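Because the structure is a prediction, the values reported are computed rather than measured.
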Amino acid sequence: MSDESSRPGTTHFGFRDVPTGEKQKLVGQVFSSVAGNYDLMNDLMSLGIHRVWKRYFVATAQVRRGDRVLDLAGGTGDIAALLKSRVGESGELVLGDINAAMLRTGRDRMTDRGQVRGFEYVQCNAETLPFPDNSFDLVTIAFGLRNVTDKDAALREMHRVLRVGGQARVLEFSQVKPEWFRPLYDFHSFQVLPRLGRLFAGDADSYRYLAESIRKHPPQDALKSMMDAAGFVRCRYRNLSAGIVAIHDGFKA
């Protein structure tokens, strides 16, 4: 299901229709609320498997030493930290996030890990990136695209800032494939997850929104078509964990 709404001038915020101009602020409030518990949030949403997904996402990326990489929605620093060993001392990692609280949390975590050199932090909107054309060898976005209001614009911007031959990678919750598994997944998402959010983070509403946002995100084939339309070539996807998440790839010709 896409982020389009039947009512002009509106978009989805979870299962609610809201004015298009308000979604960015509402999403910002969610992530400002969960910034301090972001690892906990991901653990609750994925039962801890998100760490394996992220390692695989980075391990299979097209990247080499000396490359310049942009990690969007990268405020946590998880993807950038994993990429650092692949780009080496001569590489550069730019963490972009629209949410200042997330970006501060990620920067503090990276500093605590002793990872300072080779990192740049930029508060930016994925729909209008503040970088020149052909700036990066790899652009990644992990668990962030579904929260972008205009996903098509974000994909076009990812394509614009990539160098020719560069790769864009999207790691995102997607559509579970086995029919028998969907009721169990729905029960966890809509019944268990908000209760865990209230119990461990004192915030049921943000966790409820995050579960709803997954259902509103374009499923695998729809997102592949969107990447095609944004100008990427050789677009493909790979399901992980029965389609709970999918990795989408595209290249700039």
Side-chain angles (χ1 to χ4, degrees), residues 1-3 5 11-18 22-57 72-79 97-99 101-103 105-106 109 141-149 151 170-220 222-223 237-248:
M1 196 177 297
S2 74
D3 205 38
S5 173
T11 189
H12 295 296
F13 176 72
F15 289 162
R16 291 164 47 201
D17 279 354
V18 299
E22 288 187 14
K23 178 171 179 176
Q24 181 177 314
K25 180 181 73 173
L26 292 169
V27 171
Q29 290 171 352
V30 168
F31 281 91
S32 294
S33 173
V34 303
N37 292 300
Y38 194 76
D39 280 341
L40 171 64
M41 181 196 77
N42 282 329
D43 284 331
L44 294 178
M45 291 180 71
S46 71
L47 303 179
I49 307 171
H50 72 98
R51 301 170 194 277
V52 177
W53 295 333
K54 289 172 180 174
R55 284 197 293 270
Y56 182 79
F57 178 66
L72 292 171
T76 64
D78 288 351
I79 301 300
D97 203 299
I98 196 169
N99 187 278
M102 290 292 294
L103 207 56
T105 298
R109 288 175 56 191
I141 182 166
F143 303 118
L145 186 61
R146 74 181 188 280
N147 298 304
V148 174
T149 303
K151 297 175 180 60
V170 179
L171 173 63
E172 190 54 88
F173 288 103
S174 200
Q175 186 178 76
V176 171
K177 289 306 179 182
E179 292 283 351
W180 64 266
F181 185 52
R182 290 180 186 176
L184 297 174
Y185 185 56
D186 286 345
F187 180 79
H188 171 74
S189 298
F190 297 113
Q191 301 299 324
V192 177
L193 182 61
R195 289 175 170 82
L196 291 175
R198 183 170 61 243
L199 179 64
F200 290 103
D203 184 355
D205 289 343
S206 293
Y207 288 76
R208 185 175 296 106
Y209 157 74
L210 291 165
E212 292 174 357
S213 71
I214 294 169
R215 301 312 190 277
K216 289 295 186 181
H217 184 66
Q220 289 89 330
L223 182 53
Y237 65 83
R238 173 172 291 182
N239 289 323
L240 303 180
S241 301
I244 293 176
V245 301
I247 296 174
H248 282 74

Undergrad: Testing the basics here: between A242 and P178, what is the closest heavy-atom pair and its distance to 0.1 Å?
TA: O-CD, 3.5 Å
Undergrad: Name all residues meeting the side-chain hydrogen bond (donor to acceptor under 3.5 Å, both in side chains) criterion together with Q220; count only those two or more places apart in sequence or in a different chain, and write none if there are none.
TA: S174, N239
Undergrad: Using 0.5 Å steps for rounding, measure from the CG atom of L171 to the CZ atom of R238.
TA: 13.0 Å
Undergrad: Could you work out, with salt bridge (Lys or Arg N to Asp or Glu O under 4.0 Å) as the rule, every residue matching R51, not counting sequence neighbours?
TA: D43
Undergrad: Over all heavy atoms of both residues, which pair between A101 and N99 is shortest? Give the atoms and the distance, please.
TA: N-OD1, 3.0 Å
Undergrad: With side chains defined as the heavy atoms from C-beta onward, is the minimum distance between F143 and I79 less than 4.5 Å?
TA: no
Undergrad: In chain order, what residues pass the side-chain hydrogen bond (donor to acceptor under 3.5 Å, both in side chains) check against R195, with sequence neighbours excluded?
TA: Q191
Undergrad: Taking atom CG of L196 and atom NE2 of H188, what is their separation to the nearest 0.5 Å?
TA: 7.0 Å
Undergrad: In Å, rounded to the nearest 0.5 Å, how long is the span from CZ of R198 to CZ of R208?
TA: 7.5 Å
Undergrad: Restricting to side-chain hydrogen bond (donor to acceptor under 3.5 Å, both in side chains), what partner residues turn up for S241, sequence neighbours left out?
TA: W53
Undergrad: Shortest non-hydrogen contact from L145 to E172?
TA: N-OE1, 3.2 Å
Undergrad: Could you walk me through whether S46 and I244 pass the side-chain contact (heavy atoms from CB on, under 4.5 Å) test, one step at a time?
TA: CA-CA 9 Å; S46 71; I244 293 176; over 6 Å; no
Undergrad: Check the pair F57 / D78 against side-chain contact (heavy atoms from CB on, under 4.5 Å), numbers first and verdict last.
TA: CA-CA 11 Å; F57 178 66; D78 288 351; over 6 Å; no
Undergrad: Within this structure, what is the CD1-OG1 distance for the pair I98 and T149, rounded to the nearest 0.5 Å?
TA: 7.5 Å
Undergrad: Could you tabulate the donor-acceptor pairs under 3.5 Å formed by side-chain atoms of residues 179-187, not counting sequence neighbours?
TA:
{"unit_1": "E179", "atom_1": "OE2", "unit_2": "R182", "atom_2": "NH1", "d": "3.3"}
{"unit_1": "R182", "atom_1": "NE", "unit_2": "V176", "atom_2": "O", "d": "2.7"}
{"unit_1": "R182", "atom_1": "NH2", "unit_2": "V176", "atom_2": "O", "d": "2.9"}
{"unit_1": "D186", "atom_1": "OD1", "unit_2": "R215", "atom_2": "NE", "d": "3.3"}
{"unit_1": "D186", "atom_1": "OD1", "unit_2": "R215", "atom_2": "NH2", "d": "2.8"}

Undergrad: CZ of R146 to CD1 of I141: how many Å apart, nearest 0.5 Å?
TA: 10.0 Å
Undergrad: I need the minimum non-hydrogen distance between A73 and G144, along with the two atoms involved.
TA: CB-CA, 3.7 Å
Undergrad: Of all residues at least two apart in sequence or in a different chain, which pass the side-chain hydrogen bond (donor to acceptor under 3.5 Å, both in side chains) check with R55?
TA: none
Undergrad: Are side-chain heavy atoms of Y237 and L223 found at a separation under 4.5 Å?
TA: no
